[in-house]
There are 2 protein chains.
Amino acid sequence: MQFTDVEERGRTRGRATITDVAALSGTSIKTVSRVFNDEPFVRPATRKRVLDAAAQLDYHPNMAARSLVRGRSFLIGLFYENPSPNYVVDLQTGALDRLHDERFQLLLFPCESAANMSGRLLGIARASGLEGLILAPPLGDDAATVEELTQARFPFVRIAPTTAPTASPAVGIDDIAAAREMTRHLLDLGHRRIAFVQGDPNHPSNTQRLAGFREALAERRIVHDEALLDGGLYTFESGVAAGRRIFAAATRPTAVFAANDDMAAGVLLAAKERGLDVPGQVSIAGFDDSLISRVVWPQLTTICQPTYEMAKQATGVLLARIERREFTAETRLAHRLLIRASTAPARN
Amino acid sequence: MQFTDVEERGRTRGRATITDVAALSGTSIKTVSRVFNDEPFVRPATRKRVLDAAAQLDYHPNMAARSLVRGRSFLIGLFYENPSPNYVVDLQTGALDRLHDERFQLLLFPCESAANMSGRLLGIARASGLEGLILAPPLGDDAATVEELTQARFPFVRIAPTTAPTASPAVGIDDIAAAREMTRHLLDLGHRRIAFVQGDPNHPSNTQRLAGFREALAERRIVHDEALLDGGLYTFESGVAAGRRIFAAATRPTAVFAANDDMAAGVLLAAKERGLDVPGQVSIAGFDDSLISRVVWPQLTTICQPTYEMAKQATGVLLARIERREFTAETRLAHRLLIRASTAPARN
DNA sequence: AAAAGCATAGACAGCGTTGTCATAACAAGC
DNA sequence: GCTTGTTATGACAACGCTGTCTATGCTTTT
């Protein structure tokens with residue numbers, strides 16, 4: 001079916017322009033512009049006339065024209081490569097909430113793999129006319145990307161980066177300390193054989209969490225059995241696979257610490273497949289406090305990571321840099337050990 | 001810290017323009033424009049010169065200028081009010097994938113509540129300069145919204161709408177038939193006391209699923225006990241609450257059918273709290289095949305709803321309407337009953 | 001060899017806005 | 001009443017691009 005002569009109304013054409021409002025209100029376009037940009041020196045009476053005319057014509061400023069003349073796009077890109085929908089939505093919501101009253105809009109850039117984005121981000125940003133980038137893990141950890149953007153003086157902010165703190169703005173938590181706390185919790189419960197399920201080796205957050213795990217073991221003078229180190233990809237499925245391998249081993253660990261909740265949930269599923277009681281026979285701990293940690297049974301002991309808040313603050317940092325050229329250094333937000341039902345004293 | 005005199009590079013100013021490319025390539029701006037818009041009548045040699053110059057200057061067409069002169073924004077809005085992150089991400093990914101090679105960009109509009117958006121969508125669309133809207137459930141079911149947009153001839157497409165098929169384009173599945181199939185499955189397993197956990201009463205998908213449930217019972221001449229109807233809000237937490245009420249009742253049902261997976265997972269958690277074996281003592285069924293249905297133990301029997309594909313097709317329909325004024329009527333995609341481990345024969 | 005046709009290229013206006021600069025209105029100070 | 005200063009308003013160019021129209025070559029046809 002085809003529309004005949006009637007035009008569609010999504011287009012910009014046909015909409016009232018600043019000239020129409022000026023004409024109807026008996027003022028000039030410049031005055032209308034002043035009103036819509038809250039510039040001073042407009043008499044209240046004039047302002048009202050303009051506003052009335054605008055309302056009558058259903059006038060909305062044309063963003064394209066505004067962007068063109070100002071040389072700004074008011075577009076910010078959120079780049080992420082993350083297998084966990086919960087995490088992604090938290091990120092988006094945080095950024096959107098911060099952007100809500102600003103004139104900026106958020107563009108999504110889901111990336112297949114962080115590796116093949118290396119060195120391409122600046123080009124993409126330029127092509128889309130972005131004014132700033134938010135790099136979610138692990139994109140903020142790519143050295144080439146950070147170097148490229150810094151070199152070009154292109155505004156960006158990294159969320160939860162783990163590479164050595166450069167001068168670039170970032171918002172995150174202390175992954176090492178958090179992993180250390182979780183490990184201490186397991187040690188305090190009497191666990192000695194603790195398996196660690198790594199996340200994607202390309203995500204440096206994984207390296208940090210593993211480091212924290214090792215530090216805590218070292219504190220208590222426990223020699224870690226490398227056989228208890230297994231690797232996943234941060235996805236639920238990879239957690240299931242890791243869990244199956246771990247529980248099939250001759251000497252089973254009494255606790256498993258997974259580098260994120262999705263994998264911990266996978267490990268939990270593998271435990272159930274094998275008929276293991278959690279936390280009776282094996283304790284399982286995660287990391288992130290994502291929705292999935294509350295959905296499974298028993299609910300997972302985890303690290304509460306303020307993803308939403310990190311994204312919100314990161315967006316604020318980026319905005320400050322774009323709008324006022326303020327350069328905020330690295331920000332660390334607080335994390336919290338959340339003890340729930342999946343961990344219990346070791347009995348062996 | 002403040003940047004001194006060096007300018008930030010996110011802005012559009014300072015970037016190469018079409019005039020620069022024309023000058024460097026020894027052509028006119030119109031020819032450069034032709035090259036970048038794949039217009040005919042440009043000699044290969046000229047094209048190459050232009051492209052080389054563009055590459056050398058790192059030229060990218062200014063979207064704002066392009067939008068302005070064309071009277072188009074190339075912006076599409078995705079409106080959703082959905083408590084399930086998995087669903088939302090599927091929706092986004094479907095839309096983004098379809099948009100990938102088009103010049104359009106997607107803007108996100110998470111809505112607090114569909115009700116208070118009623119009658120405001122057109123204004124928001126106009127204010128943001130959108131060319132089209134994708135309405136995810138339940139926004140596509142608001143009569144006032146649909147009426148307003150249709151009236152204004154504003155391009156939009158609804159995902160999984162359930163209201164009486166108007167002439168407006170929509171992509172969805174047959175919720176009634178799907179719920180009927182699931183109910184038959186439970187009946188075939190010998191269940192007779194089946195509780196139904198409703199979703200948000202404001203989401204008409206809920207009404208449809210309940211209707212399908214009732215139809216299947218009627219087919220088998222089973223009088224449904226209204227006490228077995230409980231209500232949630234499509235969230236995991238509301239499912240937990242409903243499950244607790246259901247299992248606290250004097251005569252427990254042998255099966256529970258929840259209107260979505262999140263609630264079914266909640267019911268499952270409530271069952272575990274009470275020490276009930278699933279599916280031994282009670283079968284639980286969900287709807288959606290969202291990630292959560294695979295994460296819990298036992299994995300949930302559910303209806304596989306192609307959310308990603310629905311969003312992708314809906315975007316295609318919208319694009320066709322915007323670009324070529326093609327008007328596609330309602331499209332129904334296939335669903336599938338996915339029998340997993342949470343349902344088993346009734347034994348009583 | 002002239003005319004006609006087509007492929008190729010450029011000049012220029014205009015899209016809807018904001019910035020700059022000029023001007024008008026009005027109050028205050030002498 | 002005349003200057004001065006401040007407040008309020010408007011004329012006009014410019015932002016970077018595409019659409020329209022016109023001009024220039026180069027073939028082909030007569």
Side-chain angles (χ1 to χ4, degrees), chain A residues 7 10-51 53-54 57-75 103 126-129 131, chain B residues 7 10-51 53-54 57-75 103 126-129 131:
Chain A
E7 53 161 348
R11 315 285 173 109
T12 327
R13 298 264 187 272
R15 287 175 48 173
T17 72
I18 200 170
T19 314
D20 301 326
V21 178
L24 182 62
S25 63
T27 60
S28 72
I29 58 168
K30 182 65 226 195
T31 299
V32 178
S33 172
R34 284 197 182 91
V35 170
F36 275 88
N37 288 283
D38 287 318
E39 286 177 41
F41 307 136
V42 180
R43 260 199 311 237
T46 313
R47 166 178 311 269
K48 183 173 177 347
R49 261 164 47 225
V50 168
L51 255 18
L57 295 170
D58 189 27
Y59 167 76
H60 298 281
N62 181 316
M63 285 306 288
R66 195 175 255 187
S67 294
L68 176 59
V69 69
R70 293 224 184 131
R72 311 266 317 259
S73 68
F74 296 102
L75 251 30
R103 283 207 283 227
R126 290 266 162 79
S128 301
E131 286 193 52
Chain B
E7 52 161 348
R11 315 286 173 107
T12 326
R13 297 265 188 272
R15 287 175 46 173
T17 72
I18 200 169
T19 314
D20 302 324
V21 178
L24 181 61
S25 63
T27 61
S28 72
I29 58 167
K30 181 65 226 195
T31 299
V32 177
S33 171
R34 283 197 183 92
V35 170
F36 275 87
N37 289 284
D38 287 318
E39 286 178 40
F41 306 135
V42 180
R43 260 198 307 240
T46 314
R47 168 179 308 270
K48 183 172 178 343
R49 262 164 47 225
V50 168
L51 255 18
L57 295 170
D58 190 28
Y59 167 75
H60 299 280
N62 182 315
M63 284 306 289
R66 198 175 250 185
S67 296
L68 176 59
V69 68
R70 294 224 184 129
R72 310 267 315 261
S73 68
F74 295 101
L75 252 31
R103 283 208 282 228
R126 289 264 161 79
S128 300
E131 286 193 53

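Looking at B:R66 and B:R103, their side chains come closer than 4.5 Å, going by heavy atoms from C-beta outward. Counting only heavy atoms from C-beta outward, the side chains of B:T17 and B:N62 never approach each other to under 4.5 Å.
How far CZ of A:F36 is from CD1 of A:I29: 13.5 Å, rounded to the nearest 0.5 Å. For the atom pair B:D20 CG and B:R15 CZ, the distance stands at 11.5 Å (nearest 0.5 Å).
When the C1' atom of D:dG16 is taken as reference, atom CZ of A:R72 falls 17 Å away, rounded to whole Å. One interatomic measurement links the two molecules: CG of A:L68 to C1' of D:dT18, which rounds to 12 Å at whole-angstrom precision. Here C:dC15 presents its P atom at 18 Å from CG of B:N62, a figure rounded to the nearest Å.
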Could you give the side-chain donor-acceptor pairs of residues 44-51 of chain B under 3.5 Å, partners two or more places apart or in another chain?
residue, atom, partner, partner atom, Å
B:K48, NZ, B:D52, OD2, 2.7
B:R49, NE, B:S25, O, 3.3
B:R49, NH2, B:S25, O, 3.1

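Listed by chain and residue number, A:S73, A:Q105, A:L107, A:L130, B:Q105 satisfy the side chain to side chain contact (heavy atoms under 4.5 Å, CB included) test with A:L75 (two or more places apart in sequence, or in another chain). For B:S28, the side-chain hydrogen bond (donor to acceptor under 3.5 Å, both in side chains) partners two or more places apart in sequence, or in a different chain, are B:T31.
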Short heteroatom pairs, N/O only, protein and nucleotides 4-6 of chain D, under 3.5 Å:
none

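Each end of the helix from C:dA1-D:dT30 to C:dC30-D:dG1 gets its own axis, taken as the rotation carrying the C1' atoms of four end pairs onto the next four within a five-pair window, and the two axes meet at 50° to the nearest 10 degrees.
Phosphate proximity of D:dT9 to A:T46: present, with a side-chain N or O under 4.0 Å from OP1 or OP2.
For DNA chain D, the neighbouring residues in residues 28-43 of chain A, judged by any heavy atom under 4.0 Å, are A:S28, A:K30, A:T31, A:R34, A:F41, A:V42, A:R43.
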